Amino acid sequence: MANDNEKLLSDDQAREVLKRIASMYPDAKGELKWDTVFHLLCAVLMSAQTTDKMVNSVTPKFYVDYPDSFALAAADITDIEDHIKTIGLYRTKAKHLKETAQIISSTYNGEVPKDKKKLVKLPGVGEKTANVVLAEAFGIPAIAVDTHVSRISKRFKIVGEKATPHQIEKRLEQLLPEQEWIHTHHAMILFGRYTMPARAKNKDPYSFLK
DNA sequence: ATCCCGAGGG
DNA sequence: CCCTCTGGAT
């Protein structure tokens, strides 16, 4: 086997790494622009495999033209596509946005459910998106495992190379007290985005810690 | 495992 | 040119 000599960090070692990352970004918070919970859901759905900067460049007009789930549910699919054409995966996202809006407007009376099981059933909404909505919009402790959280967890050997997003989420949640989940999650994203990007591959991960 | 998919950076 | 970006559905 090629990779079985990977030694994972102990719980204490992993907590120390997470603590240092968290302390490097004391004011870390989400960088997506949003006003209502429904719009946050739309923005997070759009953010798959796309920088939040790109998402923020299309959402202001999107929010004005589609003020709520009822408006988006009734919108023409090609019109939605035109609003988000500059971000990646735009056809899939437009389809999911409209279908999600239809469910929220008809089944939930226009209100985004505060419930992970219900959120995950929406088209285009997986565990990561659901966790972002729960944490950002409702302040419910959750750790959304995106590309940054995944990469950092693996690079520091907090989890194994083959760990799934769900396994990473459970591992991080087990290591940290609930009240630190949201902040640590944000700090890991900023650390991954600005301090230890994916390209910084052959460097010692610890050289990026303060 | 594969597809979706434009923009930005190196 | 190549790699990456707060993934999810099939």
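In this text the structure is predicted, and so the values were computed from the model without any measurement. Just so it is clear: chains get the letters A, B, ... in the order the sequence lines come, proteins before strands, and each one is counted from 1.
- Contact annotation: A:Arg151 reaches the phosphate of C:dC5 (side-chain N/O to OP1 or OP2, under 4.0 Å).
- One interatomic measurement links the two molecules: NZ of A:Lys93 to C1' of B:dA7, which rounds to 11 Å at whole-angstrom precision.
- On the P atoms, C:dT6 is 25 Å away from B:dA1, given to the nearest whole Å.
- Looking only at distances, no side-chain donor or acceptor of A:His185 sits under 3.5 Å from a matching main-chain atom of A:Ile143.
- At a threshold of 4.0 Å, the pair A:Glu127-A:Lys117 does not count as salt-bridged, since none of the basic side-chain nitrogens sits closer than that to a carboxylate oxygen.
- Contact check, A:Thr50 against C:dG7: no side-chain N or O comes under 4.0 Å of OP1 or OP2.
- A 6.0 Å sphere centred on NZ of A:Lys19 holds no more than 12 heavy atoms belonging to other residues, nucleotides or ligands.
- Look at the C1' atom in both C:dT4 and B:dC4: the space between them is 15 Å, to the nearest Å.
- Residue A:Lys29 is the one, among A:Lys95 and A:Lys29, whose nearest nucleotide of DNA chain C lies closer to the 5' end (criterion: closest heavy atom).
- For the pair A:Arg199 and A:Ile87, nearest-nucleotide mapping onto DNA chain B gives the more 5' position to A:Ile87.
- The backbone N or O of A:Leu175 sits less than 3.5 Å from a side-chain atom of A:Arg15, completing a donor-acceptor pair.
- Contacts of A:Lys85 with the nucleic acid, taken as non-hydrogen atoms under 4.0 Å apart, involve only primed sugar atoms and P, OP1 or OP2.
- Looking at the side chain of A:Lys201, the nearest of the listed nucleotides C:dT4, B:dC4, B:dA7 is C:dT4.
- Between the CD atom of A:Glu99 and the P atom of C:dA9 there is a distance of 10 Å, rounded to whole Å.
- Comparing C:dG7, C:dT6, B:dG8 by their closest approach to the side chain of A:Ala48 singles out C:dG7.
- Salt-bridge formation is not detected for the pair A:Lys98/A:Asp76: no Lys NZ or Arg NE/NH1/NH2 atom is positioned less than 4.0 Å from an Asp or Glu carboxylate oxygen.
- Rounded to an integer number of Å, the gap from CD1 of A:Ile168 to P of C:dT6 is 16 Å.
- Look at the P atom in both C:dG8 and B:dA7: the space between them is 23 Å, to the nearest Å.
- Taking A:Phe70 as the reference, nothing meets the ring-ring contact (aromatic ring centres under 6.0 Å, His included) condition, with sequence neighbours excluded.
- Of the residues in residues 189-198 of chain A, those placing a heavy atom less than 4.0 Å from an atom of DNA chain C are A:Ile189, A:Arg193, A:Ala198, in numerical order.
- OP1 or OP2 of C:dC5 has at least one side-chain nitrogen or oxygen of A:Thr147 nearer than 4.0 Å.
- Between the CD1 atom of A:Ile84 and the P atom of B:dC5 there is a distance of 10 Å, given to the nearest Å.
- The aromatic rings of A:Phe156 and A:Phe191 sit tilted, their planes meeting at an angle between 30° and 60°.
- Atom P of nucleotide C:dG7 and atom CD of A:Glu169 are separated by 14 Å, given to the nearest angstrom.
- A:Thr86 comes within 4.0 angstrom of the backbone, heavy atoms only, and of no base.
- In this structure, A:Tyr90 places its OH atom 14 Å from C1' of B:dA7, rounding to the nearest Å.
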